[in-house]
Amino acid sequence: MTEIKANTYSVFITNTISKEINRFLKDSTVGYSSLFILVDENSLKYCYPQLVEHIPAFKDAEIIEIESGEENKNLEICSQIWATLSDYGADRQSLLVNLGGGVIGDMGGFIASVFKRGIGFINIPTTLLSQVDASIGGKVGIDLNHLKNEIGLFNDPLAVFVDSSFLNTLDKRQLLSGFAEMIKHSLIADSGYWKKIKNANFARPDTFDTLIESSIQIKNKVVEKDPLEKNSRKTLNFGHTIGHALESYFLEQKPEKSLLHGEAIAMGMICEAYLSAEILKLSKESLKEITSFILSIYKPVDISEKDTQRLIELMSHDKKNTKGKLNFSLISAIGKCEINLTPDIKQIKRSLNYYLEQAGSNGDTKLGLN
Ligand SMILES: NC(=O)c1ccc[n+]([C@@H]2O[C@H](COP(=O)([O-])OP(=O)(O)OC[C@H]3O[C@@H](n4cnc5c(N)ncnc54)[C@H](O)[C@@H]3O)[C@@H](O)[C@H]2O)c1
Ligand SMILES: [Zn+2]
């Protein structure tokens, strides 16, 4: 078991997860009046059974199940869950257990943070993306219309429990989605980690433990220094200005074609690496290395030049923008990130075209499984 201390809580990386959760519940000075476990159908089916068998307190907990999917991370579902909590007599001493991926963690954290002005919650992330990223750092929230994470706040969980054995039931596409955040961690903070990332073995998610730990360490260090994202936390947004716009674009224009968060970020990182080369003199070799590695594992995103105008409009909604300028975090070298860069629209268009060119020329050789 490894314990990583965050500002107000700990992240436990463990292969004896039930033991750690039992210990946490026993050691709690609060004495929870009731437990609620938020799940979707997949975390209920694949993850809940192995926990309830070994955690007595989970046997008495109320299960709140929602349908999986980003489209359910909205206010309507929150209202239903708040009503359920009320109906079941949840009070200020109740504990919400978020068991699932980033949708469950983000929305459950939000629900807990404002229910009766705030009840405690813990995260048990069950996707790679939520283990290395979404479950830590205290950002909780939901989407509004098609705008991602438009409503939310910063509020820490009481603890996070990470067990990579949950990844055994995750499909390859979801695994790759989480892997994009790990690529990002290496590119913004650690060139040695980038080398390990390039050698990751997808056939063996159980070998991911040390990589998961490195990613959590990087994210936690960044968040500890700047929890409210005034400055250096913005480095975690590398790939995300363009990536978030793409996600919104698919929700809005192509709801029938799913695009996972990490798939959008993977494309975003290629575009933003291109901008990094233009603006921060990231070397041509590094740009090529990043582009070809990402394109070797992710299928090309289904967009064309005609989509770029709307994508740029969507970027203008990005929460990082100030005074009408689009705000980017870019890399000056692999492992070094700078914040508050404001490329102009022409440069952003060129970066999207760079992606289209590169993805097009590599189109037949993808290893991605989607
Ligand atoms: N708060 C943050 O800092 C932060 C950071 C990154 C992403 N996010 C958010 O996280 C969300 C994406 O997270 P995600 O990729 O985990 O998505 P998700 O929660 O939708 O999970 C992906 C899919 O995997 C299924 N699943 C979960 N655990 C499983 C398991 N062990 N076995 C089999 N299937 C399983 C889910 O039911 C779902 O179908 C987005 O909403 C994004 O905005 C938040
Ligand atoms: Zn992300």
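Order of listing sets the numbers, starting from 1, for every ligand and every atom in it. Sequence positions, counted from 1, serve as the residue numbers for this chain.
- The aromatic ring centroids of F238 and F328 lie 6.0 Å or more from each other.
- Within 4.0 Å of ligand 1, protein heavy atoms come from D40, N42, Y46, C47, S68, E70, K73, G101, G102, V103, D106, T126, T127, L129, D133, A134, K139, K148, N149, F166, T169, L170, Q174, K219, H261.
- Closest of all the heavy-atom pairs between I197 and F293 is O-CZ, 3.8 Å.
- Considering all non-hydrogen atoms of both residues, Q93 and G31 come closest at CB-O, 4.4 Å.
- Angle OE2 (E181) to the Zn ion (ligand 2) to NE2 (H261): 90°, rounded to 10°.
- A 6.0 Å sphere centred on NZ of K59 holds more than 12 heavy atoms belonging to other residues, nucleotides or ligands.
- Sequence neighbours left out, the pairs with a member in residues 115-124 that pass side chain to side chain donor-acceptor pair (under 3.5 Å) are N98-N123.
- For the residue pair S329 and T235, no side-chain donor N or O sits within less than 3.5 Å of a side-chain acceptor on the partner.
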